[in-house]
Amino acid sequence: QVQLIESGGGLVQAGGSLTISCAASGRAFSSVAMAWFRQAPGKEREFVAFISWIERSTYYADSVQGRFAISRDNTKNMLYLQMNTLKPEDTAVYYCAARWGNTFYPKEDGYNYWGQGTQVTVSS
């Protein structure tokens, strides 16, 4: 089993930057693909970014492409999401997730493990 804990959320001004993290525990961390999802009040949870475990290939939702960067450090069992040029519409609870395998998958039903989420609020 993989346990995920997010941290680093907070309040930032529009146009600012923030990096959130996800600490993972488990022997097979390097064998799982990782992703970030987010959920705003009254909205469905949506895919944000993905990174594979072997090639570290990345994929992003159109809404964050060019502004966000996902990365992972398998030695430290950490997942990161660097968020730049933040917009008020980025306000949401951000969740990290993991799935077995190495294939890109942007839907939450394909992920086996989830963190509890960290709140990111962007003021205008």
Side-chain angles (χ1 to χ4, degrees):
Q1 183 177 349
V2 178
Q3 183 178 0
L4 307 174
I5 302 177
E6 303 93 337
S7 63
L11 175 64
V12 297
Q13 294 183 353
S17 299
L18 185 68
T19 298
I20 55 177
S21 304
C22 176
S25 62
R27 296 179 297 174
F29 176 75
S30 62
S31 298
V32 294
M34 303 290 294
W36 286 99
F37 289 79
R38 68 185 182 186
Q39 186 169 19
K43 296 185 178 180
E44 298 292 329
R45 187 172 300 183
E46 65 175 350
F47 167 77
V48 176
F50 170 93
I51 185 168
S52 65
W53 66 268
I54 184 168
E55 306 96 345
R56 296 185 180 181
S57 301
T58 58
Y59 300 86
Y60 299 92
D62 291 341
S63 59
V64 305
Q65 180 70 49
R67 298 188 299 117
F68 290 12
I70 187 173
S71 62
R72 66 189 295 168
D73 186 335
N74 291 347
T75 300
K76 299 180 179 180
N77 290 351
M78 294 290 293
L79 177 73
Y80 306 97
L81 183 67
Q82 182 179 352
M83 301 177 288
N84 302 311
T85 318
L86 283 163
K87 305 175 181 179
E89 51 262 44
D90 294 319
T91 296
V93 176
Y94 284 72
Y95 300 88
C96 64
R99 69 187 303 268
W100 297 108
N102 198 53
T103 304
F104 168 62
Y105 192 76
K107 299 181 179 180
E108 60 182 307
D109 62 1
Y111 289 80
N112 306 96
Y113 308 100
W114 291 87
Q116 295 179 333
T118 185
Q119 177 70 48
V120 174
T121 302
V122 184
S123 62
S124 60

Closest non-hydrogen contact found for Arg67 with Ser63 is NH2-O, 2.9 Å
Report, one line per pair, each donor and acceptor closer than 3.5 Å where one atom sits in a side chain of residues 11-22; sequence neighbours left out.
{"residue": "Ser17", "atom": "OG", "partner": "Asn84", "partner atom": "OD1", "Å": "3.0"}

**Prompt:** Is any side-chain heavy atom of Phe50 less than 4.5 Å from a side-chain heavy atom of Ile70?
**Reply:** no
Handout entry: Val93 reachable from Tyr111 in the ILVMFWY side-chain graph, under 4.5 Å edges
Key = yes
To the nearest 0.5 Å, atom CG of Leu79 lies from atom SG of Cys96 at 6.0 Å
The reported gap from OG in Ser71 to CE in Met34 (rounded to nearest 0.5 angstrom) is 11.0 Å
Output for pair (Ser7 OG, Met78 CE), nearest 0.5 Å, gives 6.0 Å
Side-chain heavy atoms of Tyr113 within contact of Trp100, under 4.5 Å
yes
Between the CD atom in Glu108 and the CD atom in Glu44, the distance rounded to the nearest 0.5 Å is 7.5 Å
Spell out, as yes or no, whether a donor-acceptor pair under 3.5 Å connects the side chain of Ser124 to the backbone of Pro88.
no
Find out whether Asn74 and Arg72 are in side-chain contact, i.e. whether some heavy atom of one side chain is under 4.5 Å from a heavy atom of the other.
yes
Verify the neighbour count for atom CG of Asp109: are there more than 12 heavy atoms of other residues, nucleotides or ligands below 6.0 Å? yes
Should we count CD of Gln3 as having more than 12 external heavy atoms under 6.0 Å? no
**Message:** Is it true that Tyr94 and Arg38 share a donor-acceptor pair across their side chains at a distance under 3.5 Å?
**Reply:** yes
Q.
Keeping Asn77 on the side-chain end and Ser25 on the backbone end, is there a donor-acceptor pair under 3.5 Å?
A. no
Are Tyr60 and Ile51 linked, directly or through intermediate hydrophobic residues, by side-chain heavy-atom contacts shorter than 4.5 Å (ILVMFWY only)? yes
- Query: Does a side-chain heavy-atom distance below 4.5 Å link Phe47 with Tyr105?
  - Reply: no
Exercise. Mind checking whether Trp114 and Phe37 have parallel, tilted or perpendicular rings, split at 30° and 60°?
Worked result: tilted
Sorted by chain and number, sequence neighbours left out, ring pair (Phe, Tyr, Trp, His ring centres under 6.0 Å) with Tyr95 holds for none
Partner of Thr91 under side chain to side chain contact (heavy atoms under 4.5 Å, CB included), picked from Leu86, Val120, Val122, is Val122
Scanning both residues in full, the closest heavy-atom pair of Val32 with Ala98 reads CG2-CB, 4.1 Å
Here the gap from Thr121 atom OG1 to Asp90 atom CG, rounded to the nearest 0.5 Å, amounts to 11.0 Å
Answer with yes or no whether the hydrophobic clustering places Phe104 together with Val48; edges join I, L, V, M, F, W, Y residues whose side-chain heavy atoms lie under 4.5 Å apart. no
